[in-house]
Amino acid sequence: MKTALVTGASRGIGKAIAEKLKADNYKVLGTATSDSGVDTLNSNGIEGHLLDLNSKDSIENFWSKLESDNKTISVLVNNAGITRDNIILRMSDEEWSDIMNVHLYGTFQLSKRALKMMLKNKWGRIINISSASASIGNRGQSNYAAAKAGVEAFTKSLAKEVGKRDITINAVAPGFISTDMTENNTGVNEDYLVKEIPLGRFGKPEEVASLISFMCSDGASYITGQTIHINGGLYM
Ligand code: NAP
């Protein structure tokens with residue numbers, strides 16, 4: 001049984017991905033930033049771990065524990081994410097750096113560490129969750145859009161570095177998906193946005209999870225370095 005690691009598996013898209021990969025017969029490790037989130041993961045049959053990607057110490061502790069437990073990660077889904085929206089003239093250094101840390105530095109750190117295992121095994125899948133914002137931009141999200149565009153460029157570069165070892169690296173870029181992230185974002189007017197989406201609705205986390213499941217499967221073995229969009233036609 002292969003082991004998959006999904007960051008930010010306590011809620012939203014990550015939760016749906018972890019559940020889908022578990023149904024696909026992976027041993028799934030999931031992360032949360034709180035003890036209660038870890039407990040919830042464990043009670044749902046996902047092995048829960050504490051991880052705050054905004055903290056170098058937390059990343060180090062998390063990975064040391066995986067190594068001391070002799071885990072071998074075959075599939076990594078860099079899903080954890082946050083928003084710190086603000087128009088550029090009001091954006092603080094912290095709003096900028098929080099986003100860069102969680103999305104870019106976190107993806108770099110976990111990919112580098114998991115790749116050591118994948119290179120040894122000559123097989124692996126890394127899927128980085130990007131966003132339609134990386135392609136179309138979004139008012140108030142210069143930090144988030146820049147980080148996600150960085151994640152996509154990082155994806156292509158890694159794909160070139162490790163392709164010969166049967167390791168594929170891809171990004172998945174959702175449009176608007178119904179989760180706490182879109183619910184809590186006061187700048188998001190769902191009725192207005194839905195008019196811009198040809199399929200006429202926000203997506204569901206399970207719909208993103210289906211795509212991730214395919215990207216991990218043998219059927220996707222010749223796809224690497226790509227950004228796959230899933231957005232109801234919002235961006236095409
Ligand atoms: P969500 O419902 O807000 O869940 C975020 C997840 O990330 C939670 O599990 C959370 O853990 C975790 N997390 C937050 N801060 C973290 C940190 N500092 N370190 C590690 N983990 C952290 O978000 P979502 O909508 O599912 O988004 C998942 C991914 O999809 C993100 O990368 C997001 O940018 C991307 N995305 C979402 C949408 C959308 O419309 N929802 C669209 C495009 C892209 P806790 O539960 O412990 O807080």
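Side chains are part of it too, since the values below use all heavy atoms of this structure and drop only hydrogens, waters and symmetry mates. Each ligand, and each atom within it, is numbered from 1 in the order the structure gives.
Distances shorter than 4.0 angstrom do not occur between any heavy atom of Lys15 and any atom of ligand 1. In this structure, Thr7 falls outside the shell of residues with a heavy atom less than 4.0 angstrom from ligand 1. A heavy-atom separation below 4.0 Å is found between Ser130 and ligand 1. Put simply, no part of Ser178 is less than 4.0 Å from ligand 1, judged by heavy atoms.
Between Ser58 and Leu51, the closest side-chain pair of non-hydrogen atoms falls below 4.5 Å. Residues Thr155 and Thr107 fail the side-chain proximity criterion, which asks for heavy atoms closer than 4.5 Å. A heavy-atom distance below 4.5 Å is found between the side chains of Ile169 and Asn128. Residues Arg125 and Trp123 are in side-chain contact: their nearest non-hydrogen atoms beyond the backbone lie under 4.5 Å apart.
With salt bridges taken as basic N to acidic carboxylate O contacts below 4.0 Å, one links Glu207 and Arg201.
Around the CG atom of Asp93, the shell of radius 6.0 Å holds no more than 12 heavy atoms that belong to other residues, nucleotides or ligands. Heavy-atom contacts from other residues, nucleotides or ligands closer than 6.0 Å to NZ of Lys148 number more than 12.
Screening residues 59-102 for ring-ring contact (aromatic ring centres under 6.0 Å, His included), with sequence neighbours left out, gives His49-Phe62.
Considering backbone and side-chain N/O atoms, Leu53 comes within less than 3.5 Å of an N/O atom of ligand 1. Between Gly14 and ligand 1, a contact under 3.5 Å exists for no N or O pair. An N or O contact shorter than 3.5 Å is missing between Thr31 and ligand 1 by distance. On a distance-only criterion, Lys148 and ligand 1 share at least one N/O pair closer than 3.5 Å. Note: no N/O pair closer than 3.5 Å links His103 and ligand 1 by distance alone. On a distance-only criterion, Ile13 and ligand 1 share at least one N/O pair closer than 3.5 Å. Ligand 1 has no nitrogen or oxygen under 3.5 angstrom from a nitrogen or oxygen of Pro174.
Near Asp180, with a cut-off below 4.0 Å to any heavy atom, the atoms of ligand 1 are 2 (O). Within ligand 1, the atoms closer than 4.0 Å to a non-hydrogen atom of Asp52 are 17 (C), 18 (N), 19 (N), numbered from 1 in the order shown. Every atom of ligand 1 is numbered from 1 in the order shown, and the set under 4.0 Å from a heavy atom of Ile82 is 14 (C), 15 (N). When each atom of ligand 1 is checked for a heavy atom of Val102 under 4.0 Å away, the hits are 18 (N). Residue Phe176 approaches ligand 1 through these ligand atoms, each under 4.0 Å from one of its heavy atoms: 40 (O). With ligand atoms numbered from 1 in the order given, ligand 1 contributes 29 (C), 30 (O), 35 (C) to contacts under 4.0 Å with heavy atoms of Ile129. Heavy-atom proximity to Gly81, at under 4.0 Å, picks out these atoms of ligand 1: 5 (C), 7 (O), 14 (C), 31 (C), 32 (O). Applying the 4.0 Å criterion to heavy atoms of Tyr144 picks out, from ligand 1, the atoms 33 (C), 34 (O), 35 (C), 36 (N), 43 (C), 44 (C).
Looking only at distances, a side-chain donor or acceptor of His103 sits under 3.5 Å from a matching main-chain atom of Ile82. For Ser68 (side chain) and Lys65 (main-chain N/O), a donor-acceptor pair under 3.5 Å exists by modelled atom type. Asn138 places no side-chain N or O within 3.5 Å of a backbone atom of Gln141 that could act as its donor or acceptor partner. Of the possible donor and acceptor atoms, one in the side chain of Thr31 sits under 3.5 Å from a partner among the backbone N and O of Gly8. In terms of modelled atom types and a separation under 3.5 Å, the side chain of Thr179 and the main chain of Met181 share a donor-acceptor contact.
Side-chain contact check for Asn121 and Ser74: no donor-acceptor pair (N or O, by modelled atom type) lies under 3.5 Å.
Minimum heavy-atom separation, Thr72 to Met117: CA-SD, 3.8 Å.
In this structure, the protein non-hydrogen atom closest to atom 22 (C) of ligand 1 is Thr33 CG2, 3.5 Å. Closest to atom 40 (O) of ligand 1 among all protein heavy atoms lies Ile177 N, 2.8 Å. Residue, atom and distance of the protein heavy atom nearest to atom 38 (C) of ligand 1 are Gly175 O, 3.8 Å. Scanning the protein heavy atoms around atom 12 (C) of ligand 1, the nearest turns out to be Gly8 CA, 3.7 Å. Nearest non-hydrogen protein atom to atom 9 (O) of ligand 1 is Ser10 OG, 2.7 Å. Atom 24 (P) of ligand 1 has as its closest protein heavy atom Thr179 OG1, 3.6 Å. Counting only heavy atoms of the protein, atom 1 (P) of ligand 1 lies nearest to Arg11 NH1, 3.9 Å. Counting protein heavy atoms only, atom 28 (C) of ligand 1 is closest to Asn79 OD1, 3.2 Å.
Contact annotation for Thr182 and ligand 1: only side-chain heavy atoms (C-beta onward) come within less than 4.0 Å of the ligand.
Ring pair Phe202/Phe176 is parallel by interplanar angle, where below 30° counts as parallel and above 60° as perpendicular.
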